[in-house]
Amino acid sequence: MDDKILDWVFPAEKFSLDGDPMSMRTVAREIFDLDKNSPEGLAIMAESSLYLGNLQEAESFAQYALAAEPNHLRGRLVSGGIAVKNFKLNAQIKILEGVINDAHKELKNLRASLQEHNHKFAFNRRKKTSADEDFERQIDKKIFITRSILFKALTWSSNGFYLTGEPARAAQALFEASSLTENNETAAELYSKHLFLRNYRDTSQAQTKELAQKYNSFFATITPFSHDKKNLDADKKIHVGYISPDFREHAVANFLPPLLKNFDAENFSVTCYSTGRSDFVTEKFKKFKVGWRDLEGKEPLLSANIIAEDNVDILVDLSGHSQDSCLPILAYKPAPVQICGIGYTATTGLNAVDYFLSDKICSPENLPSNFTEKILRVEPCNLCYAPGLIRQMPDIESIAPVQKNYFVTFGSFNNFAKISDDLLYLWRAILERVPNSRLILKNKLCSLEEGRELVRKKLSKMSFPLDRVELRPYSPDYLEQYRELDVALDTFPYTGGTTTCEALYMGVPVITLRGKTHGSRFCASILNAADLSELIAHSPMDYVNKAIQLSRRKELLAAYHVGLREHIKNSALMDSKNYIRELEKIYREVWRKRL
């Protein structure tokens, strides 16, 4: 690359990272003044068009750039970005993997060149000349540009890996990307997403805890708020704050009404701190007799100041490391007692979080804990299911599917990223041993033809009977489609939460495998609270056997289908009043320990 052009590409890359596509276009025009056919200028125009949403123009400029230089790194990056926007799964993964590999090679060569230059300089023991300094500056610029392209390729590819059921690769991409940005807030966000995705596959408890604790390093320079313990009353009216980006149409919303509707108003006051977008569900939450603060778009420090000024005694985070995490706010310690739970199933690793909500099934006292927080056990379950706020729940049909089909239908409506290869082998074993049975998989990946083909290829390699497997796209009427299932098969090690509750409410029993960690025992806790412990397996073979045995008991399947809804309505899983009383006892206990 010509040095004069490089001097323009460098600021273009900075504009890209700052989210300023119009300034990128200005730079591209300056490059065209130097060379009207420059692949650098064409690729920069293509990237700016991509950010502006003009995919046709982006593709045209990218093709021109690659025609001029077939292996042009930025031109290929933009082509991968266009594939992401168009949901071309195979193309985006192939293109971006190539960009990542070549960017790694380019960085290696650039660093080697700089090292060789410095070695010769040290060996000759001479002073640096202006030519030496210019050479080093140009190499540094090239390293910066290549690192930036690698950063974008990693973050964009993580979405494809996740969607196609490779969460471990997605997590690794985000982990590397977090080390490539100089923006600490962005690095923390990417590392947080990396921690979230690690929950999808088995990881040793020691490693889980160690990786989570490293999250603290992103907040090393901040000074947490201090909280005076003087003149505090153990029996005071406790101000509880609930903070979440998901006071909206979101799975977590199914578990929030008990916190806001049934609390003891004489002894507790409640304020909701919403950090996410609002919708029709948000308006329903606002009708509860609670305080309400809209923190959407506010910086973590400002949000923390608002919470502190509200004199919140106990702040409960409902997000953990999930999307749009509130943990950067909790890092400032805006409340004297901070708890995480309900919306996340693993440790936050954040020193500022004191406790984590769990229960005796998810976190038995006799099992080692991988949590940095102290465990608070809400009995019998750490959450309470309260459907109906997001949508009206459909009625259940009077007969089970097996009674009209004369074969058993298994199914999973879980995210495909939760479906590991080990799990698929168990599902294949179930189909093999239950004659004429069917398996329905319904998820967002199956909404794409490429996605369905990817799933078919994976199942074919595992010798699945494809004629007995149905792949369905996600659809708003997914609850009604539970009427077509006789048995739901839970995922592991990342088990179902909302999907489990919805299946049970629609009359479908759920077979789960109880693991050794909080997240892998989440579904088991739900089934225990629903008084359905007979559906909990304790080993992979037990999981298979329970599914087979249940399939043979047609009368029991029919009874489940008709009676499960009333059964769980009368169980601890939906006993909102007892749940909040138990939770408030815990709040009072941790508050007294604070004094």
Side-chain angles (χ1 to χ4, degrees), residues 165 167 199-203 345 361-364 367 381 400-402 407-443 455 458-459 462-465 468-469 482 485-504 506-554 556-557 560-561 564 568 573:
N199 294 309
Y200 282 78
R201 296 294 183 264
D202 279 321
T203 307
T345 63
I361 299 296
C362 285
S363 301
L367 282 184
C381 185
V402 68
F407 58 79
V408 174
T409 303
F410 298 100
S412 171
F413 289 3
N414 282 289
N415 180 342
F416 189 74
K418 289 185 175 184
I419 302 175
S420 64
D421 288 355
D422 289 341
L423 178 61
L424 285 173
Y425 282 119
L426 297 188
W427 288 358
R428 187 192 69 183
I430 292 169
L431 290 181
E432 287 176 346
R433 293 177 58 184
V434 182
N436 301 317
S437 59
R438 303 290 191 272
L439 174 64
I440 296 176
L441 301 181
K442 184 179 178 67
N443 50 60
V455 176
K458 174 172 278 196
L459 298 183
M462 295 180 170
S463 301
F464 260 79
R468 292 162 57 192
V469 179
Y482 273 112
L485 299 189
D486 291 299
V487 181
L489 299 174
D490 188 30
T491 53
F492 65 81
Y494 197 163
T495 64
T498 303
T499 50
T500 296
C501 293
E502 288 175 338
L504 297 176
M506 291 304 299
V508 182
V510 181
I511 303 290
T512 192
L513 172 59
R514 189 179 71 177
K516 296 181 179 179
T517 63
H518 182 282
S520 65
R521 299 167 75 97
F522 206 66
C523 181
S525 175
I526 291 171
L527 292 174
N528 178 71
D531 194 24
L532 294 166
S533 57
E534 70 273 14
L535 300 173
I536 302 172
H538 302 281
S539 70
M541 190 51 63
D542 190 26
Y543 178 93
V544 172
N545 288 335
K546 281 187 179 295
I548 295 168
Q549 291 164 8
L550 185 55
S551 73
R552 293 171 178 168
R553 302 183 64 183
K554 306 299 190 293
L556 179 57
L557 286 176
Y560 273 137
H561 189 81
L564 261 183
I568 69 167
L573 180 62

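Keep in mind it's a predicted model, so treat the numbers as computed, not measured. Numbering starts at 1 and runs along the sequence shown.
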- request: Dump the intermediate steps for side chain to side chain contact (heavy atoms under 4.5 Å, CB included) on Phe413 and Leu485, then the final yes or no.
  value: CA-CA 10 Å; Phe413 289 3; Leu485 299 189; 4.0 Å; yes
- request: Apply side chain to side chain contact (heavy atoms under 4.5 Å, CB included) to Ile526 and Thr495, showing your working.
  value: CA-CA 11 Å; Ile526 291 171; Thr495 64; over 6 Å; no
message: Using side chain to side chain contact (heavy atoms under 4.5 Å, CB included), reason through Ser551 and Phe410 one step at a time and then give a plain yes or no.
response: CA-CA 9 Å; Ser551 73; Phe410 298 100; 4.0 Å; yes
message: Assess the residue pair Lys554 and Val408 against the criterion (side chain to side chain contact (heavy atoms under 4.5 Å, CB included)); give the C-alpha distance rounded to whole Å, side-chain angles, the decisive distance to 0.1 Å, and a yes or no.
response: CA-CA 9 Å; Lys554 306 299 190 293; Val408 174; 4.1 Å; yes
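The two atoms that bring Met462 and Arg428 nearest to each other are O-NH1, 2.6 Å, heavy atoms only. Ala530 and Ile568 get closest at one heavy-atom pair: CB-CG2, 3.9 Å. Nearest heavy atom pair, residue Val402 against residue Asp486, reads N-OD1, 2.9 Å. The two residues Ser412 and Ile419 come nearest to each other via the heavy atoms OG-CD1, 4.4 Å. The minimum heavy-atom distance linking Leu424 with Phe464 is given by the pair O-CZ, 3.1 Å. In terms of heavy atoms, Leu557 sits closest to Pro509 at CD2-CG, 4.3 Å.
Proximity of a side-chain donor or acceptor of Arg468 to a complementary backbone N or O of Leu431 within less than 3.5 Å is detected. Judged by distance alone, with hydrogens and angles left aside, the side-chain atoms of Tyr543 form a donor-acceptor pair with the main-chain N or O of Asp490 at under 3.5 Å. Under a 3.5 Å cut-off, the side chain of Arg521 and the backbone N or O of Ser363 do not form any donor-acceptor pair. In this structure, the side chain of Lys546 engages the main chain of Glu534 through a donor-acceptor pair within 3.5 Å.
Distance check, rounded to the nearest 0.5 Å: CG of Asp422 to CG of Leu513 gives 10.5 Å. The distance from the CD1 atom of Ile511 to the SG atom of Cys523 is 9.5 Å, given to the nearest 0.5 Å. The distance from atom OG of Ser525 to atom CZ of Arg514, rounded to the nearest 0.5 Å, is 11.0 Å. Expressed to the nearest 0.5 Å, how far CZ of Arg433 lies from CG of Asn545 amounts to 5.5 Å. Here the CG-OH distance, from Leu556 to Tyr560, works out to 4.5 Å after rounding to the nearest 0.5 Å.
The side-chain heavy atoms of Leu550 and Leu535, taken from C-beta on, include a pair separated by under 4.5 Å. Leu439 has its side chain within reach of Leu489: a pair of non-hydrogen atoms, C-beta onward, lies under 4.5 Å apart. At least one side-chain heavy atom of Ile536 sits under 4.5 Å from a side-chain heavy atom of Thr512. A 4.5 Å side-chain heavy-atom check between Leu423 and Phe492 finds at least one atom pair inside the cut-off.
In this structure, Met541 places its CE atom where only 12 or fewer heavy-atom neighbours from other residues, nucleotides or ligands lie under 6.0 Å away.
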Contacts table for residues 496-504: side-chain donor-acceptor under 3.5 angstrom, sequence neighbours left out:
{"from": "Thr499", "atom 1": "OG1", "to": "Asn414", "atom 2": "OD1", "distance (Å)": "2.9"}
{"from": "Thr500", "atom 1": "OG1", "to": "Gly496", "atom 2": "O", "distance (Å)": "3.1"}
{"from": "Glu502", "atom 1": "OE1", "to": "Tyr478", "atom 2": "OH", "distance (Å)": "3.3"}
{"from": "Glu502", "atom 1": "OE2", "to": "Tyr478", "atom 2": "OH", "distance (Å)": "2.8"}

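Residue pairs satisfying the ring-ring contact (aromatic ring centres under 6.0 Å, His included) criterion with at least one member in residues 517-537, sequence neighbours excluded, are listed as follows: Phe356-His518, Phe371-His518, His518-Phe522.
The aromatic rings of Tyr494 and Tyr200 lie perpendicular to each other, with more than 60° between the two planes, well past the 30° mark.
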